[in-house]
Amino acid sequence: MADLWQVTLVSPPYETWTYGLPSHFPPLSPGQRVIIPFGKSHRAGVVVGPAEAAPRGVEIKNMIWPLELSPLLDQDFVDMAVNLASRQMVHVGRILEIALPRGLRTAAVTFKVDRHMTERNLPATMRPPDIVRVKDRDRAALVDLWLEGRMRVRINAKKEAEERYVSLESDPPWAVRPNAKRQLRLLEHLMENGPQSLYSLRHTLGDWAPDVAVKLEGAGVVRLGELTADHMAEIDGAGQNGADDPGCEFALTDEQRTALDEMTETLESGGGAHLVHGVTGSGKTVLYMEMARLLLEQGRSVLFLAPEVALACQLYRTVARRFPHFRTIFYHGYQSPKKREASFRELAGGEDPVLVVGTRSAVFLPLPNLGMVVMDEEHDESFKQEDRLAYHAKEVAWFRTGRSKGLLLLGSATPDVKTFQAASAGRIRVSTLKERVGDARLPDVELVNIAELGSSKQLLSDRVREAVRETVKAGEQVIVMLNRRGYAPLMYCLDCGETVRCPDCEVGMTYHKGRERLVCHYCGRTYSYPLTCRKCGGVNFIPMGEGTERLEEALTDLLPEDAKVLRLDRDATRRQERLEEILGAFGRGEAQVLVGTQMISKGHHFPGVTLVVVADGDLGLNLPDYRSSERTFQLLVQVAGRAGRGEHPGRVLIQTRNPDHPIWKEILGGDYQGFFDREASRRNMFRYPPFSHMALVRISFPADYDNGPAALSLMGEVLREQGRALGISVLGPAPAPLSMLRGRKRFNCLLKSDDWGKVRGLYAAMARANPDPRKVRTGLDLDPLSTL
DNA sequence: AGCACGCCGACT
DNA sequence: GTCGGCGTGCTC
């Protein structure tokens, strides 16, 4: 028998199976990609190691062909995947699926061989099934050709077609038949979620989606293709008007010099995590660059991670300008798969130190001799992937820098409470920057009590209205943030007092006036408006509460005729070019007021803005989630930073109904330490993270699966009983916020423990008790961002 | 994820 | 009578 290898499938069912290596091939190495026969078809897999013996009762098949001459991934990369998989309690293949760009996971490839092989009646191009049919005597020659590098692999063009993005070409109402349910479904989906690749559409909506998209393209309603130049400009250019690399032109301050010494010390004492806690504008970027220079001199690579594309782009420009003679690579999820694949291959094949800047997914890139990972704005929630498989880039970066004795540099003005706790407890080192570089000044932040406004129709107080009017009159600009899109979050039926709720999610549906629809912000379900009340058949609804759309209307009424108000939220930027249009117009001063959701809080830099209004500062505070204060603190400190970035001093007004809440003093004074102390003691008292280990267990089954509820209660019982024995507190199972998704009923269970190992043990016990794993799916989210 | 098997509706 | 829709099951 040929020698046996363990091969991990990088697509469902993600399992690791045993395959034989055909004769004539030299031994394989872990990290080598191969094409394997799988059932009636073939798949791509990754060799994770040699197999000791064949499993009993199965007939071992031979692999078809390797996908590259030398392993794409090294042992460290495989170890990382294995380690992460065991921590997340998933198959290794699921980690590899996330880590590899799509082109490196597909088995839809064609092998092209040098022409002279055709003399042996072999075709010049072969697909995997053709290779299986090659006669033994030709096979040896083919292997020789492969080893000489005269047989190449090319990804099939048909697969690439699935990578095209679908985006809306026109606004609703669309020119489609009103009973074309699938077409409307797809259009609404694009409306809610922005441009999507055909691949992800097929995944979220169903196999019909690509065909429907092509049909809609024919009708001219959607666009199909690469992301447009407009969209890339929007992504790449969003930071262009920003004051990037603050402080680069200054000599290092004493504070910065001290921080630099401290970071160097951490690096030289064997690496590990190091927090740079510095107020906005204190020159953290300069420190990143200085450390990067140090590492490059040692011949080590550096990875920079930013929470979103626009910020990553800004950082990339700084890096490229600072190190013009080094190889720099930019990597993010909106790039074409071709580009991502090329970057991945280039890195995997290289040995020289390289600088990479990217977003979350870049944490998996195979950097040669990794010396440092920088995570800018480390508190940002985008570093954690929540859908599909829950992983945090910080965890991956921690593992990788740990392996290579590198430095994990975490930078933020408002660090993650968990990170700061680790720093306070002395588990990671911290450098603090208290001063701003140059003579930039933090804006004045004031509270506006709106408690007495009650439920009257106006959300904006007289004081804020006056301030907005005055600012506009003075020729300056205003940003108003309301973290709630739509016109009104609730619609009341005047006849029976019922509110319109989503039948799947049971939450109130938000009225979107411009779209003439009611939208569920959880699942995206929409009803057209006007509509009739489900309970009493009435047709008279009144909108309650306020969203950005209504606020835009109110501000337009407030200001003189010639003043212009723009709105920036997910609805307004649904069509690709819109974001750039809006930001551009506001930046050029064509409008005086910009209303928006938290989208406006990040990265953009408008020198003309002297007033920032937070319309509802309490919005995030009252959520029943243990991280809501932290989120509010971080968001409001960020938003406040939008004011007074030009010559004129800035002013921030925050409206609240609870002016006595202690968080305001901390936000007004930019007092992170004060906030942290209070928050830490509260979390300690209630055993919330970081003083406990929290995990979310997700359980789902098809809505029409009769045994589902019984299976759920059985598994819930196992969790509670065995949880009690392990000292783990168990909450639930309770219906998830999105209780129905794609025909599946979803439930959550919250675990609180003193140990991750126990959590994994309990989850494993529950999974064993699953009566039908095919129907009842489970997932584990360690340290969830939200417990909702 | 693919691909086959298998069971019910609209057509040559 | 068949063609073909997608539910279900399996893959070293």
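This structure is a prediction, so every number in the text was calculated from the model and none was measured. Just so it is clear: chains get the letters A, B, ... in the order the sequence lines come, proteins before strands, and each one is counted from 1.
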A/Leu21 CG to C/dC12 C1', in whole Å, measures 15 Å
Counting the atoms with a prime plus P, OP1 and OP2 as sugar-phosphate, which does A/Thr18 contact under 4.0 Å by heavy atoms, base, sugar-phosphate, or nothing?
base
Under 4.0 Å, heavy atom to any atom of DNA chain C: which of residues 32-39 of chain A qualify?
A/Pro37, A/Phe38, A/Gly39
A/Lys775 side-chain proximity, nearest of C/dT11, B/dG2, C/dT8
C/dT8
Rounded to the nearest Å, what distance is computed from the OH atom of residue A/Tyr19 to the P atom of nucleotide C/dT11?
11 Å
Considering every strand and a 4.0 Å limit on heavy-atom distances, what is the contact class for A/Glu59: base, sugar-phosphate, or nothing?
sugar-phosphate
Donor-acceptor under 3.5 Å (A/Arg760 side chain, A/Arg87 main chain):
yes
Check: A/Phe330 main-chain N/O paired with A/Gln335 side-chain donor or acceptor under 3.5 Å
yes
Side chains of A/Met509 and A/Tyr527 in contact at under 4.5 Å (non-hydrogen atoms):
yes
Figure out the CD/P separation between A/Glu15 and C/dC12, and round it to whole Å.
11 Å
What's the separation between atom CG in A/Asn770 and atom NZ in A/Lys775, rounded to the nearest 0.5 Å?
11.5 Å
Write down the distance between CH2 (A/Trp17) and C1' (C/dT11), rounded to a whole number of angstrom.
5 Å
If you only use heavy atoms from C-beta on, which nucleotide in C/dC12, B/dA4, B/dG2 is closest to the side chain of A/Pro55?
C/dC12
Round to a whole Å and report the spacing from NE2 of A/His42 to P of C/dC12.
14 Å
Verify the neighbour count for atom CD of A/Glu52: are there more than 12 heavy atoms of other residues, nucleotides or ligands below 6.0 Å?
no
Nearest-Å distance for atom pair NE2/P, residues A/His91 and C/dT11:
14 Å
Nearest-angstrom distance from the residue atom CG of A/Leu4 to P of C/dC12
14 Å
Between A/Arg746 and A/Arg698, is there a donor-acceptor pair closer than 3.5 Å when you use the side chain of the first and the backbone of the second?
no
Would you call the rings of A/Phe747 and A/Phe701 parallel, tilted or perpendicular, taking 30° and 60° as the class edges?
parallel
For A/Lys61 and C/dC12, is the shortest distance between a side-chain N/O and OP1 or OP2 below 4.0 Å?
yes
Nearest-Å distance, OH (A/Tyr14) to C1' (B/dG2)?
13 Å
